[in-house]
There are 2 protein chains.
Amino acid sequence: MIHLDYRDSRPIYQQVKDNLRRMMVTGVLNAGDKLPSVRALASQLSINPNTIQRAYAELEAEGYVVSVTGKGNFVAEGDTQNQARRQELLAKMRPMMEELKALGMTAEEFAVLWEGGKDDAASK
Amino acid sequence: MIHLDYRDSRPIYQQVKDNLRRMMVTGVLNAGDKLPSVRALASQLSINPNTIQRAYAELEAEGYVVSVTGKGNFVAEGDTQNQARRQELLAKMRPMMEELKALGMTAEEFAVLWEGGKDDAASK
DNA sequence: ATAAGTGTATTAACACGATTAATACACTTC
DNA sequence: GAAGTGTATTAATCGTGTTAATACACTTAT
């Protein structure tokens with residue numbers, strides 16, 4: 001079941017996306033399952049259908065969902081999901097890694113980081 | 001010399017930051033050098049002193065600059081610069097790496113990525 | 001074929017946050 | 001104490017992201 005939190009600063013469509021993604025990853029929803037129609041889900045959550053549409057569209061772009069005009073939205077195959085999501089994350093990380101290289105970071109340091117690097121998080 | 005481009009969508013303070021950082025990294029400015037005062041630089045670029053102040057403040061937070069009230073802003077030591085910039089980048093990357101782990105990405109795959117991974121960039 | 005369901009596209013209103021400005025305060029040096 | 005420096009606070013402004021309103025296109029079943 002999807003639950004929205006209006007005190008959360010994150011946009012609605014993002015909350016919907018995360019809810020659905022979690023349900024798909026955890027097996028609450030399985031490949032091939034039909035998702036609620038944009039209007040049905042919008043009505044159920046008392047929000048605009050376009051907001052659901054946006055969530056579905058982005059999930060499709062990420063490979064989690066397959067949309068078919070006139071029929072509905074369906075959960076994509078698991079492998080497809082992972083592949084697409086990986087590409088997305090890696091695309092974001094690549095430029096940062098380039099700069100880290102330029103700053104002299106070594107492959108060894110990076111390997112350590114992948115494990116569970118203990119650093120002070122100096123986020124602004 | 002700092003040059004601003006008002007057709008650029010990036011904010012002024014960001015352009016100032018990048019200009020200064022580049023000058024420091026390329027050796028046009030060296031550790032210990034005194035930077036122009038916030039008012040002087042603002043006047044020279046015909047912008048508000050607060051904008052320069054913000055640029056300097058963020059560069060200081062990133063370890064590139066040291067500010068001393070009443071005296072001025074100075075270029076920090078090179079090592080400090082790198083350390084701070086690394087921390088910043090790693091802080092951004094960490095959550096992404098966490099998700100990649102959850103998606104089943106292995107240390108080996110990641111090591112390859114560090115080298116020069118050949119992928120299609122599926123940026124939306 | 002037509003109605004009722006589905007997803008999609010376009011446009012506009014709205015709100016919030018980032019950016020910049022205005023102004024006053026605090027410190028250092030001469 | 002005057003003239004330089006950085007700092008803090010507040011407010012105005014402007015963009016952009018988010019959501020809504022509405023119309024369009026496709027599929028299925030009656």
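All values below come from the heavy atoms of this structure, side chains included, with hydrogens, waters and symmetry mates left out. Throughout, a chain's letter reflects where its sequence line sits, starting with A, and its residues are numbered from 1.
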K.L.:
Please determine if a side-chain N or O atom of A:Gln53 lies less than 4.0 Å away from the OP1 or OP2 oxygen of C:dT8.
P.N.:
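So the side chain of A:Gln53 is within the cut-off, an N or O lying under 4.0 Å from OP1 or OP2 of C:dT8.
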K.L.:
How close or far is atom C1' of C:dA15 from atom CZ of A:Arg10, stated in whole angstroms?
P.N.:
19 Å
K.L.:
Which is more 5' along DNA chain C, the nucleotide nearest A:Gly70 or the one nearest B:Gly70? Just name the residue.
P.N.:
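That would be A:Gly70.
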K.L.:
In plain terms, say whether A:Glu98 and A:Arg94 are close enough for a salt bridge, that is, a side-chain N and a carboxylate O under 4.0 Å apart.
P.N.:
no
K.L.:
Think B:Ser37 has a side-chain N or O under 4.0 angstrom from the OP1 or OP2 of D:dT5?
P.N.:
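B:Ser37 to D:dT5 OP1/OP2: side-chain N or O found under 4.0 Å.
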K.L.:
Hey, does the side chain of B:Thr51 come within less than 4.0 Å of C:dA21's phosphate (OP1/OP2), counting only N and O?
P.N.:
yes
K.L.:
For D:dT18, take OP1 and OP2 only and decide whether either is under 4.0 Å from a side-chain N or O of A:Arg54.
P.N.:
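Looking at the OP1 and OP2 atoms of D:dT18, one of them is under 4.0 Å from a side-chain N or O of A:Arg54.
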K.L.:
Between B:Arg39 and A:Ser46, which is nearer to the 5' end of DNA chain D once each is assigned its nearest nucleotide?
P.N.:
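Here B:Arg39 is the residue nearer the 5' end.
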K.L.:
Rounded to whole angstroms, how far apart are CD on A:Gln15 and C1' on D:dT19?
P.N.:
14 Å
K.L.:
Are side-chain heavy atoms of A:Leu100 and B:Met93 found at a separation under 4.5 Å?
P.N.:
yes
K.L.:
Give a yes/no on whether any side-chain N or O of A:Asn50 is located under 4.0 angstrom from OP1 or OP2 of D:dA21.
P.N.:
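Result: no.
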K.L.:
Output the rounded distance in Å from CD1 (A:Ile47) to C1' (D:dA21).
P.N.:
15 Å
K.L.:
CG of B:Asn48 versus P of D:dA12: gap in Å, rounded?
P.N.:
15 Å
K.L.:
Between A:Pro11 and B:Lys71, which has a closest nucleotide on DNA chain D that is more 5'?
P.N.:
B:Lys71
K.L.:
Do the side-chain N or O atoms of A:Tyr13 get closer than 4.0 angstrom to the phosphate oxygens (OP1, OP2) of D:dT19?
P.N.:
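Checking A:Tyr13 against D:dT19: no side-chain N or O falls below 4.0 Å of OP1 or OP2.
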K.L.:
Between atom CD in A:Glu60 and atom C1' in C:dT8, what is the gap in whole Å?
P.N.:
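It is 11 Å, rounded to the nearest whole Å.
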K.L.:
Would you call A:Arg86-B:Glu109 a salt bridge at under 4.0 Å N-O?
P.N.:
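Yes, charged N to carboxylate O under 4.0 Å.
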K.L.:
Could you tell me if A:Asn82 and A:Arg85 have a donor-acceptor pair between their side chains, going purely by distance under 3.5 Å?
P.N.:
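Side-chain D/A pair, A:Arg85 to A:Asn82: absent.
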K.L.:
In Å, rounded to the nearest 0.5 Å, how long is the span from CG of B:Leu4 to CZ of B:Arg10?
P.N.:
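These two atoms lie 10.5 Å from each other.
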